[in-house]
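Residue numbers start from 1 in every chain, and the chains themselves are labelled A, B, ... in the order their sequence lines are given, proteins ahead of strands. Note: hydrogens, waters and symmetry copies are ignored here, and every other heavy atom, side chains too, is used.
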Amino acid sequence: MIFVIGGVTAAGKSSLAFKLAKAIGGIIINADAYAFYRELNIGTAKPTEEELASVPTFLFNNLSISDPYSIYDYQQDVRRLIAIYEQSKRPIILVGGSGLYIRAALYDYRLSPNIGIVIEDNFEESNASLHQRLTLIDPVAAAKIHPNNRKRVLRALAISENQSRTETNHERHLKSGPLFPFTMIVLDALNEVLERRIHERTTDMFVSGLRQEVNDICQKYPQNAQGLQAIGYKEILANPSMTDDELIALISLRTRQYAKRQRTFFRHQFSNATWFSDQHEAYLFLIKKYEDSL
RNA sequence: GGCCCGAUAGCUCAGCUGGUAGAGCAACGGACUGAAAAUCCGUGUGUCGCCGGUUCAAUCCCGGCUUGGGCCA
């Protein structure tokens, strides 16, 4: 039995997941792309060490920000865990705000290893020219990617060139439904409520020493490390002279915008999810689903 | 009290001495099978401070007023 708890940031996904896991004896798998990194703590609003130890949890703090890790690796890791716990009949709770990672775990996303995390970009070629090249190699992928979306064009080129596989012949074999049956809820909140929670949470992060955490990380790792692209970290790095209040305002804004993107993704990519703005109602719903499955 | 500069979108500001306005950010909507807390796309929402004047026509020119800032008393 797989339960998926998705939703926008600061909606209370983690605490719901832990409550549910304790109630039904489940295990928790992280689906939050920045909760992997053990160096990122304050700014990621990750569950505390105590919480993480209170039930079996996986894929939290499993990486250093200098480790190479991709959605391919994630897919492998999650599917391995699913295989183990499905067999032992223990409920699996997949929780996190990274919708693409949830999809890659549960749907027929065929990925190849060793594409690498970062695509080299020497900026010598224009967006239009890169896109033109992609059109020749993989017209299906090119049609789906806007020429200005340079990052995705480069990625698609790398996939086509290195894997001798194109979207065109790739998609023919895809299964459209999920590979595993699962029950999914999306946790959301009214904008006013969410705004208030985000602001409070961001303020708390500064009180807890987010600036210091960022400084410490910069002593040991390059500033372009992927983990430092996280909201909160990148704003502090980019604006060293801003006051705490200015940074809190900026980070809260970026977090609200992120929540909006999450909402759009979950709404359109998970049509069979049930939405809740109340954590307790979501909890009761999931408990009921669990009991029905027994 | 006198002089000078400003007042245009939610914010910061553009706007050739005349033909009822546009950038960035924000906001709103969207895409997304390989950086996803990433990346990208679409949408202008406006008594151009107020009142009068000149003109076929005023955000623009003229007068007055209100208001913010600066300088001089």
Student: Checking all strands, does A/Tyr233 fall into the base, sugar-phosphate, or nothing category for heavy-atom contacts under 4.0 angstrom?
Tutor: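 Counting heavy atoms under 4.0 Å across all strands, no contact is made by A/Tyr233.
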
Student: Taking any strand in view, what nucleotide pairs with B/C13 in a Watson-Crick or G-U wobble way, both distances under 3.5 Å?
Tutor: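 Its partner is B/G22.
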
Student: Pick the P atom in B/G44 and in B/C25, then give their distance to the nearest Å.
Tutor: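 The answer is 16 Å between these two P atoms.
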
Student: Pairing check on B/U47: which nucleotide meets the Watson-Crick or G-U wobble criteria with it, both distances under 3.5 Å?
Tutor: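 WC or wobble partner does not exist here.
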
Student: Is the gap between the ring centers of A/Phe3 and A/Phe182 under 6.0 Å?
Tutor: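 Centroid distance A/Phe3-A/Phe182: not below 6.0 Å, so no.
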
Student: Just to be sure I understand the rule, does A/Leu253 reach a base, reach only the sugar-phosphate, or reach nothing, if contact means heavy atoms closer than 4.0 Å?
Tutor: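 Sugar-phosphate, backbone atoms only, no base.
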
Student: Report the relative orientation of the aromatic rings in A/Tyr74 and A/Tyr69; use parallel for angles under 30°, tilted for 30 to 60°, perpendicular for over 60°.
Tutor: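 The rings of A/Tyr74 and A/Tyr69 stand perpendicular, inter-plane angle above 60°.
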
Student: Rounded to whole Å, how long is the line connecting atom CD of A/Glu195 with atom C1' of B/A27?
Tutor: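 Rounded to the whole Å, the gap is 11 Å.
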
Student: Atom CG of A/Asp108 to atom P of B/U33: distance rounded to whole Å?
Tutor: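 Taking CG of A/Asp108 and P of B/U33, I get 13 Å after rounding.
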
Student: Using the side-chain heavy atoms of A/Asn191, tell me which of these nucleotides is nearest: B/C32, B/A27, B/C28.
Tutor: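 In terms of side-chain proximity for A/Asn191, the closest of B/C32, B/A27, B/C28 is B/C28.
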
Student: What's the closest nucleotide to the side chain of A/Arg254 if the choices are B/U33, B/A36, B/C25?
Tutor: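 Looking only at heavy atoms from C-beta outward on A/Arg254, the closest nucleotide is B/C25.
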
Student: So A/Gly43, base contact, sugar-phosphate only, or nothing? Heavy-atom distance under 4.0 Å.
Tutor: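 Contact class for A/Gly43: base.
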
Student: For A/Ile71 and A/Asn148, take the nucleotide of RNA chain B holding the closest heavy atom to each; which residue's nucleotide lies nearer the 5' end?
Tutor: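 Its nucleotide being nearer the 5' end, the pick is A/Ile71.
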
Student: For the side chain of A/His146, counting heavy atoms from C-beta on, which of B/U33, B/C41, B/A37 is nearest?
Tutor: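 For the A/His146 side chain, the nearest candidate turns out to be B/C41.
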
Student: Examine distances only and state if a side-chain atom of A/Ser98 and a backbone atom of A/Ala33 form a donor-acceptor pair shorter than 3.5 Å.
Tutor: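 Yes.
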
Student: Please measure how far the P atom in B/G29 lies from the corresponding atom in B/A36, and state the result in whole Å.
Tutor: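 That atom pair is separated by 24 Å.
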
Student: Provide, to the nearest angstrom, the distance between the CG atom belonging to A/Leu130 and the C1' atom belonging to B/U39.
Tutor: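 Distance check: A/Leu130 CG to B/U39 C1' gives 15 Å.
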
Student: Counting any heavy atom closer than 4.0 Å, what does A/Ala33 reach on the DNA or RNA strands: base, sugar-phosphate only, or nothing?
Tutor: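 Sugar-phosphate: the residue A/Ala33, judged by heavy atoms under 4.0 Å, touches backbone atoms but no base.
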
Student: I'd like to know if A/Arg152 reaches the base of B/C32 with its side chain such that a donor and an acceptor end up less than 3.5 angstrom apart.
Tutor: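 Under the 3.5 Å cut-off, the side chain and the base do form a donor-acceptor pair.
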
Student: Within the 4.0 Å heavy-atom criterion, would you say A/Thr44 contacts the bases, only the backbone, or no part of the nucleic acid?
Tutor: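 Answer is base: heavy atoms of A/Thr44 come under 4.0 Å of a base.
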
Student: Classify A/Arg267 by what it touches in the nucleic acid, base, sugar-phosphate, or nothing, heavy-atom distance under 4.0 Å.
Tutor: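 Here A/Arg267 touches the backbone only, sparing every base.
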
Student: Using Watson-Crick or G-U wobble geometry with both distances under 3.5 Å, which nucleotide pairs with B/U67?
Tutor: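 When the pairing criteria are applied, B/G6 turns out to be the nucleotide that pairs with B/U67.
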
Student: In terms of relative ring orientation, are A/Tyr85 and A/Phe58 parallel, tilted or perpendicular, with 30° and 60° separating the classes?
Tutor: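 If you compare the ring of A/Tyr85 with that of A/Phe58, the planes turn out tilted.
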
Student: As a test of reading the structure: which of B/U33, B/A37, B/A27 is closest to the side chain of A/Tyr258, going by heavy atoms?
Tutor: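 Nearest listed nucleotide: B/A37.
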
Student: Between B/U33 and B/A27, how far apart are the C1' atoms? Round to whole Å, please.
Tutor: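 To the nearest whole Å, 30 Å.
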
Student: Any idea which of B/C40, B/U33, B/A26 is nearest the A/Leu100 side chain?
Tutor: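 Of B/C40, B/U33, B/A26, B/U33 is nearest to the side chain of A/Leu100.
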
Student: Considering Watson-Crick and G-U wobble pairs with both distances under 3.5 Å, what does B/C40 pair with?
Tutor: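 Looking at the geometry, B/C40 pairs with B/G30.
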
Student: Could you check whether A/Lys260 gets within reach of a base, just the sugar-phosphate, or nothing at all, counting any heavy atom under 4.0 Å?
Tutor: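 Base contact.
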
Student: Say we look at B/G68 and B/C28: how far apart would their P atoms be, to the nearest angstrom?
Tutor: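 It comes out at 33 Å once rounded to the nearest Å.
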
Student: Between A/Gln269 and B/U33, is there a side-chain N or O to OP1/OP2 distance below 4.0 Å?
Tutor: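 For A/Gln269, the contact criterion (side-chain N or O under 4.0 Å from OP1 or OP2 of B/U33) is met.
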
Student: What interatomic distance, in whole Å, is found between C1' of B/U8 and the corresponding atom of B/C60?
Tutor: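 Nearest-Å result for B/C60 against B/U8 at atom C1': 11 Å.
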
Student: Nearest-Å distance, CG (A/Asn127) to P (B/C41)?
Tutor: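 Those two atoms, CG and P, are 9 Å apart.
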
Student: Whole-Å distance between B/C25 P and A/Arg256 CZ?
Tutor: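 The answer, rounded to whole Å, is 17 Å.
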
Student: So does A/Glu51 pair up with A/Lys46, basic N to acidic O under 4.0 Å?
Tutor: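 Salt bridge absent between A/Glu51 and A/Lys46.
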
Student: Nearest-Å distance, NE2 (A/His268) to C1' (B/C41)?
Tutor: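 Going from NE2 in A/His268 over to C1' in B/C41 covers 14 Å.
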
Student: When all nucleic acid strands are considered with a 4.0 Å heavy-atom cut-off, which category describes A/Arg261: base, sugar-phosphate, or nothing?
Tutor: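 Here A/Arg261 touches the bases of the nucleic acid.
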
Student: For B/A37 and A/Tyr34 - does any side-chain N or O of the residue sit under 4.0 Å from the phosphate oxygens OP1/OP2?
Tutor: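 The answer is no; no side-chain N or O of A/Tyr34 sits under 4.0 Å from OP1 or OP2.
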
Student: Are any of the side-chain nitrogens in A/Lys289 or A/Asp292 under 4.0 Å away from the carboxylate oxygens of its partner?
Tutor: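 No.
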
Student: In this structure, how many angstroms lie between the C1' atom of B/G30 and the CZ atom of A/Phe266, rounded?
Tutor: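 Result: 17 Å.
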
Student: Looking across every strand, which nucleic acid part, if any, lies under 4.0 Å from A/Gln75 by heavy atom: base, sugar-phosphate, or nothing?
Tutor: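 Touches nothing.
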
Student: Within the structure, does a side-chain N or O atom of A/Gln229 lie under 4.0 Å from either OP1 or OP2 of B/A36?
Tutor: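 No, no such contact exists.
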
Student: Taking everything shown except A/Glu200 itself, do over 12 heavy atoms lie less than 6.0 Å from its CD?
Tutor: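 Result for CD/A/Glu200: enclosed.
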
Student: Could you work out the separation of B/A23 and B/A14 based on their C1' atoms and round it to a whole Å?
Tutor: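 Here B/A23 and B/A14 have their C1' atoms 7 Å from each other.
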
Student: How many whole angstroms separate atom CG of A/Leu210 from atom P of B/A37?
Tutor: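 Computing the A/Leu210:CG to B/A37:P distance gives 17 Å.
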
Student: Give a yes/no on whether any side-chain N or O of A/Thr264 is located under 4.0 angstrom from OP1 or OP2 of B/G29.
Tutor: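 A/Thr264 to B/G29 OP1/OP2: no side-chain N or O under 4.0 Å.
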
Student: For residues A/Tyr107 and A/Gln75, is any side-chain donor paired with an opposing acceptor at under 3.5 Å?
Tutor: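 No pair is found: no donor N or O on one side chain lies under 3.5 Å from an acceptor on the other.
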
Student: Considering every strand shown, what is the Watson-Crick or G-U wobble mate of B/C61 when both distances are under 3.5 Å?
Tutor: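 Paired with B/G53.
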
Student: Rounding to an integer number of angstrom, what distance separates B/G10 and B/U45 when you compare their C1' atoms?
Tutor: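 That atom pair is separated by 10 Å.
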
Student: What's the gap between B/U20 and B/C3 when it is taken at their C1' atoms, as a whole Å value?
Tutor: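 Taking atom C1' in both B/U20 and B/C3, they lie 34 Å apart.
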
Student: Any carboxylate oxygen within less than 4.0 angstrom of a Lys/Arg side-chain nitrogen, looking at A/Arg110 and A/Asp108?
Tutor: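 So A/Arg110 pairs with A/Asp108 through a salt bridge.
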
